[in-house]
Amino acid sequence: AQSVTQPDIHITVSEGASLELRCNYSYGATPYLFWYVQSPGQGLQLLLKYFSGDTLVQGIKGFEAEFKRSQSSFNLRKPSVHWSDAAEYFCAVGFPNYGGSQGNLIFGKGTKLSVKP
Amino acid sequence: ETGVTQTPRHLVMGMTNKKSLKCEQHLGHNAMYWYKQSAKKPLELMFVYNFKEQTENNSVPSRFSPECPNSSHLFLHLHTLQPEDSALYLCASSQDPGTSGTRIGTQYFGPGTRLLVL
């Protein structure tokens, strides 16, 4: 069965430090990959997505993610974290249904990021 | 208004009440979704509407009743809910590429309705 794993429930980093959030998926082919961010009391905002092509994807707010097929991973990175990046981050994987119906997303459980001053 | 909007943002209801959640998308999309987000659980897909037709119902109890009158509006009608139904209910929309390609649409989310069932 398809699944998405975010191994880290909570991460704390110092402001200005680098960040890497992990995401692994289980699927027999290359899925479509997404990272979303959720601030307290808000909905999910799309950070970036990977469908095909260059495996290093740039997103908004200075985030990037790298797709590694051999590791079934799509880790999110940021070189220098800002206090405003404190939020919960969700990895999502889409498995398109060929034949026209909408491919649905499976979400990881999320990683909560805290930023120390 | 831009993007995906949801009303109300907060709702408190008793177990015998009937209420409705509303979602509206201003993106010209043709697919809309309801998700439930509970503490310590992954985001759960509840319903999917594609071109106003329901294409997915993830074994959701009948006390939740969706309605999609057109491709811009989605409702979730609630009746005789249980306290465990308290959660953040998120609406999303996307553009379904249909049969023309193998890609899926990117989903854009609203701010959610925080529901508390007493």
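In what follows, chains carry the letters A, B, and so on, assigned in the order in which the sequence lines appear, proteins first and then strands, with residues in each chain numbered from 1.
- Looking only at atom types and distance, the side chain of A:Gln38 has no donor-acceptor partner in the side chain of A:Glu88 under 3.5 Å away.
- Inter-residue side-chain proximity for A:Val93 and A:Leu105 is flagged as unmet; no heavy-atom pair is nearer than 4.5 Å.
- Contacts between B:Gln37 and chain A at a heavy-atom distance below 4.5 Å involve the side chain alone, from C-beta outward.
- Both the backbone and the side chain of A:Leu44 come within contact range of chain B, judged by heavy atoms closer than 4.5 Å.
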* Passes salt bridge (charged side-chain N to carboxylate O under 4.0 Å, His left out), A:Lys61 versus A:Asp85? Steps please. -> CA-CA 9 Å; A:Lys61 304 185 180 187; A:Asp85 293 325; over 6 Å; no
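- Donor-acceptor pairing under 3.5 Å is recorded for the side chains of B:Ser93 and B:His29.
- Taking the ring centroids of A:Tyr36 and A:Phe90, they lie at or beyond the 6.0 Å cut-off.
- Checked against the 6.0 Å centroid threshold, B:Phe109 and B:Tyr33 do not count as a close aromatic pair.
- Side-chain contact check for B:Thr7 and B:Lys22: no donor-acceptor pair (N or O, by modelled atom type) lies under 3.5 Å.
- Residues of residues 107-117 of chain A lying under 4.5 angstrom from chain B, judged on non-hydrogen atoms, are A:Phe107, A:Gly108, A:Lys109 in numerical order.
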